[in-house]
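Remember, it's a predicted structure, so these values are computed and weren't measured experimentally. Letters A, B, ... are given to chains in the order of the sequence lines, protein chains preceding strands, and every chain is numbered from 1.
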Amino acid sequence: MSTTYDQALDVKGAKCPMPLVKSRKAIGELPVGQVLKVVATDRGSLADFKGWANTARNIELIAQETVSEAGQDLYVHYLRRTA
Amino acid sequence: MTIDKLELSETRALLERLASLEARVADLEAHPAQGIEDRVAMVVFSGDLDKAIAALIIATGAASMGLETSMFFTFWGISAVKRQKMFAGKSLLEQGFTAMLPGGLGETGLSQMNFFGAGAQIIRGLMKKHAISSPEELFGLARELGVRMVVCDMSRELLGIADAELIDGLETGGVATFLGDAARAKVTLFI
């Protein structure tokens with residue numbers, strides 16, 4: 001699956017709550033309507049980003065996927081800034 | 001002509017409804033109802049490191065999610081926002097409290113398995129090993145993210161903690177400061 005995005009953020013190795021904190025900062029720097037791709041190794045980020053998207057009024061979770069890279073699971077999130 | 005009369009009475013009724021609506025709006029504006037907002041309000045009562053970590057992770061997470069977040073530090077919880085210990089100008093009892101209580105987040109212990117501070121050091125070591133942000137980093141982040149931090153003035157005075165012992169830039173308040181935030185919060189926590 002290839003989702004298009006405008007900006008990518010690498011939060012590999014970051015633990016809760018850092019993937020969220022860093023993504024929040026990054027999406028705040030994006031113009032409204034653009035998409036941020038976040039690559040994390042934190043397994044909890046799958047549920048965290050869903051929770052964030054359900055709560056926040058300015059983001060939309062477009063897609064989430066888990067990919068395996070060099071024997072390590074990567075959790076990829078695509079978020080759109082909506083406001 | 002009956003039609004005209006009907007229209008006139010209808011217009012009059014509409015004007016009356018408009019006037020009563022205007023009165024209601026004015027009344028609501030004068031006494032705003034407290035709505036539930038995207039807020040998180042926390043009481044940090046405990047001065048334990050493990051509980052402070054939980055509170056700080058929730059605070060930074062909430063602020064990142066776009067929730068207005070406030071932390072109200074009271075009683076033992078004030079230990080988490082101290083930057084130093086000072087003994088000058090205190091009564092003997094106050095000096096005793098100062099000696100017994102942590103002089104900041106760095107000196108706080110665990111609520112369980114503390115073993116005179118060894119437990120806290122082990123947890124800090126484990127957090128570092130697992131690349132988890134330190135309590136101090138989380139605190140800095142919370143401030144950066146605009147988390148409101150209020151120190152309970154009554155318990156600060158009770159425990160003989162001087163303003164100069166606290167981290168700079170914190171707010172001072174009382175129960176109404178907390179409740180002012182909590183009454184409008186979707187999430188309230190007592191930690």
Side-chain angles (χ1 to χ4, degrees), chain A residues 7 9-62 64 69-75 77-83, chain B residues 35-42 44 49-71 80 105 122-149 181 184-189 191:
Chain A
Q7 194 73 246
L9 177 70
D10 181 353
V11 290
K12 290 200 275 266
K15 304 287 166 66
C16 174
M18 295 317 292
L20 191 62
V21 173
K22 287 183 175 165
S23 304
R24 158 75 168 180
K25 193 165 173 274
I27 209 149
E29 285 162 4
L30 276 189
V32 173
Q34 288 205 352
V35 175
L36 177 73
K37 174 189 179 183
V38 182
V39 183
T41 49
D42 178 28
R43 195 168 46 175
S45 67
L46 283 176
D48 274 2
F49 278 69
K50 281 192 191 106
W52 178 22
N54 283 338
T55 311
R57 286 170 187 178
N58 63 338
I59 62 147
E60 178 194 351
L61 187 59
I62 304 166
Q64 282 184 313
E69 192 188 271
Q72 169 176 247
D73 277 342
L74 296 180
Y75 306 96
H77 315 276
Y78 296 92
L79 300 149
R80 179 183 283 118
R81 182 174 175 184
T82 56
Chain B
I36 302 291
E37 296 166 16
D38 289 338
R39 279 173 188 276
V40 179
M42 256 182 263
V44 184
L49 177 65
D50 39 9
K51 295 183 186 181
I53 292 170
L56 287 168
I57 288 180
I58 295 169
T60 48
S64 298
M65 288 169 77
L67 300 163
E68 284 283 324
T69 310
S70 67
M71 301 176 91
L105 196 55
I122 289 168
I123 285 293
R124 281 178 177 273
L126 281 173
M127 287 175 80
K128 203 169 177 179
K129 191 183 155 208
H130 289 276
I132 297 165
S133 305
S134 73
E136 287 72 19
E137 282 166 358
L138 289 168
F139 185 85
L141 258 175
R143 298 202 76 179
E144 219 175 275
L145 290 164
V147 171
R148 184 183 193 197
M149 294 192 181
D181 285 336
R184 290 178 293 150
K186 279 181 176 163
V187 180
T188 53
L189 298 168
I191 298 172

Quick one: what part of B:L56 sits under 4.5 Å from any heavy atom of chain A, side chain, backbone, both or neither? neither

Among A:M18, A:K22, A:R24, which residue forms the greatest number of heavy-atom pairs with chain B at distances under 4.5 Å? A:R24

Which answer fits B:L138, side chain, backbone, both or neither, if we ask what part of it has an atom under 4.5 Å from a heavy atom of chain A? side chain

In the structure I gave you, are the side-chain heavy atoms of A:V21 and B:L145 within less than 4.5 Å of one another anywhere? yes

For a 4.5 angstrom cut-off between non-hydrogen side-chain atoms, does B:K186 reach A:T55? no

Honestly, the part of B:S133 sitting under 4.5 Å from a heavy atom of chain A is side chain

Correct closest heavy-atom pair for A:L20 and B:G61 would be CD2-O, 3.7 Å

Of all heavy-atom pairs between A:C16 and B:I132, which one has the smallest distance, and what is that distance? O-CG2, 4.5 Å

Which value, rounded to the nearest 0.5 Å, describes the distance between A:N54 atom CG and B:M65 atom CE? 8.0 Å

